[in-house]
Amino acid sequence: MRTSKIALVTGANKGIGFEVARQLARHNFHVFLGARNVKAGQAAADKLASDGVATFLEIDVSDPESIRCAAEEFSHHSNRLDVLVNNAGILLDEDKAALSITPRIFETTLRTNTLGPWLVAQAFAPMLKKGDAPRIVNVSSSGGQLEDGADGWAPAYCVSKTALNGVTVQLAAALPDFAVNCVCPGWVRTEMGGENATRSIAEGASGIVWLASEAPHDMTAKFVKDRKVIPW
């Protein structure tokens with residue numbers, strides 16, 4: 001079966017990222033599973049063999065050199081990329097309260113959750129530009145919304161997602177021929193979300209996959225949840 005489009009999903013060895021990769025593979029995408037752990041990433045790619053075409057790509061989004069090397073390695077497999085899903089993210093155990101956040105906690109969180117997606121988009125933009133209808137999907141969180149204030153949960157993580165939303169609109173302005181959006185998957189039963197979360201991993205992934213594959217391409221610079229635009 002010929003694959004019609006090519007997608008890269010970061011943080012794809014487990015959780016929402018893996019499920020997004022699985023669903024895109026079933027949508028006839030050749031999926032590159034980005035992960036920093038080689039063993040886990042290769043195992044995830046092997047696991048998707050029954051769903052479609054999947055290739056492991058080593059990438060640590062917190063490391064600019066790793067991002068550069070990943071883009072170079074990708075170019076040996078394909079000269080174009082149709083969809084980039086910036087899914088990789090962290091939530092540190094020490095991220096408890098605004099008055100106890102340290103520079104290390106904040107900088108570590110932003111390096112992965114905000115700067116990482118920005119640098120990945122920069123590195124892969126030349127290959128995305130070769131696609132017919134390129135898309136970038138940044139996985140954000142309603143915790144980053146500003147409209148109704150904050151509830152105090154995981155402040156460094158939430159601020160990193162507010163900043164990621166800002167990165168999204170800046171990329172959309174810089175790439176007017178792209179669809180560049182951010183998405184909240186909801187509270188999902190992953191390692192990060194915990195077992196009490198209200199959504200399955202498949203439910204959390206579905207909105208991301210929709211933006212990556214089916215949403216109107218003229219919809220850009222938006223924050224989306226459940227296929228609907230939500231306030232910043």
Side-chain angles (χ1 to χ4, degrees), residues 8-21 33-37 40-41 57-68 70-71 84-98 100-125 136-146 150-172 174 180-188 190-194 197 201 204-205 207-208 211-212 221-225 230 232:
L8 167 61
V9 184
T10 66
N13 59 294
K14 61 182 179 180
I16 293 175
F18 178 77
E19 182 60 26
V20 168
L33 286 86
R36 59 185 177 181
N37 184 308
L57 184 70
E58 182 179 0
I59 182 169
D60 180 351
V61 304
S62 70
D63 180 354
E65 179 62 15
S66 175
I67 294 170
R68 186 195 68 77
L84 168 62
V85 179
N86 278 312
N87 168 75
I90 59 170
L91 170 58
L92 299 181
D93 291 339
E94 314 97 294
D95 188 1
K96 299 294 187 185
S100 62
I101 293 299
T102 64
R104 183 193 66 80
I105 293 170
F106 191 53
E107 290 168 2
T108 300
T109 302
L110 260 70
R111 181 169 292 278
T112 293
N113 294 1
T114 309
L115 182 59
W118 202 339
L119 296 181
V120 172
Q122 289 178 0
F124 284 87
I136 298 175
V137 181
N138 293 326
V139 180
S140 187
S141 168
S142 59
Q145 283 183 286
L146 295 174
D151 62 8
W153 174 77
Y157 174 84
C158 289
V159 170
S160 77
K161 294 302 187 179
T162 304
L164 178 60
N165 293 350
V167 168
T168 300
V169 296
Q170 292 294 334
L171 288 173
V180 187
N181 296 288
C182 49
V183 57
C184 173
W187 186 21
V188 180
T190 60
E191 285 184 16
M192 184 183 293
I201 292 176
I208 301 169
L211 272 179
K222 298 292 189 289
F223 192 10
V224 177
K225 182 178 182 181
I230 60 174
W232 298 106

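Sequential numbering from 1 along the given sequence is applied to the chain's residues.
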key: Any Thr168 side-chain heavy atom under 4.5 Å of Ser140 side chain   = no

key: Residue pair Asp60, Ser66: steps toward the side-chain hydrogen bond (donor to acceptor under 3.5 Å, both in side chains) verdict   = CA-CA 6 Å; Asp60 180 351; Ser66 175; 5.6 Å; no

message = Run the side chain to side chain contact (heavy atoms under 4.5 Å, CB included) test on Leu164 and Asn113 for me, step by step, so that the C-alpha distance in whole Å, both residues' side-chain angles and the decisive distance to 0.1 Å come before the verdict.
response = CA-CA 7 Å; Leu164 178 60; Asn113 294 1; over 6 Å; no

query = Roughly how far, to the nearest 0.5 Å, is the OG atom of Ser62 from the CD1 atom of Ile67?
reply = 8.0 Å

request  = Check for a donor-acceptor pair, side chain of Asn181 on one end and backbone N or O of Phe223 on the other, with a separation under 3.5 Å.
outcome  = no

key: Contact summary for Leu33 and Ala21, nearest pair of heavy atoms   = CG-CB, 4.1 Å

Atom of Ala97, atom of Pro155 and distance for their closest heavy-atom approach = C-CG, 3.5 Å

inquiry  = For the backbone of Val139 and the side chain of Lys161, can you confirm whether one donor and one acceptor N or O come within less than 3.5 Å of each other?
reply    = yes

ask   = For the side chain to side chain contact (heavy atoms under 4.5 Å, CB included) test, which of Asn87, Leu115, Thr10, Asn86 pairs with Val61?
value = Thr10

message = Please find the pair of heavy atoms, one from Ala156 and one from Ile101, that lie closest to each other, and give the distance.
response = CB-CD1, 4.1 Å

task = Measure from the side-chain N and O atoms of Asp95 to the backbone N and O of Tyr157, and report whether any donor-acceptor pair falls under 3.5 Å.
result = yes

request  = Enter the distance from Ile105:CD1 to Glu94:CD here, rounded to the nearest 0.5 Å.
outcome  = 5.0 Å

request  = Would you mind reporting whether Ile136 and Phe124 have side-chain heavy atoms less than 4.5 Å apart?
outcome  = no

ask   = Shortest non-hydrogen contact from Phe18 to Asn13?
value = CB-C, 4.1 Å

key: Minimal non-hydrogen separation, Asn165 against Gly144, with atom names   = ND2-O, 4.2 Å

inquiry  = Looking at Thr114 and Ser160, would you say the former's side chain and the latter's main chain have a donor-acceptor pair under 3.5 Å?
reply    = yes

task = Work out which heavy atom in Ala88 is nearest to a heavy atom in Gly11; give both atom names and the distance.
result = CB-N, 3.7 Å

query = Do the side chains of Thr108 and Ile90 get nearer than 4.5 Å, heavy atoms only?
reply = yes

task = Only one of Val120, Val9, Val180, Asn138 passes side chain to side chain contact (heavy atoms under 4.5 Å, CB included) with Leu84; say which it is.
result = Val120

message = Once rounded to the nearest 0.5 Å, what's the spacing between atom OG1 of Thr162 and atom CD of Gln145?
response = 9.0 Å

ask   = Distance from Arg104 atom CZ to Thr109 atom OG1, nearest 0.5 Å?
value = 8.5 Å

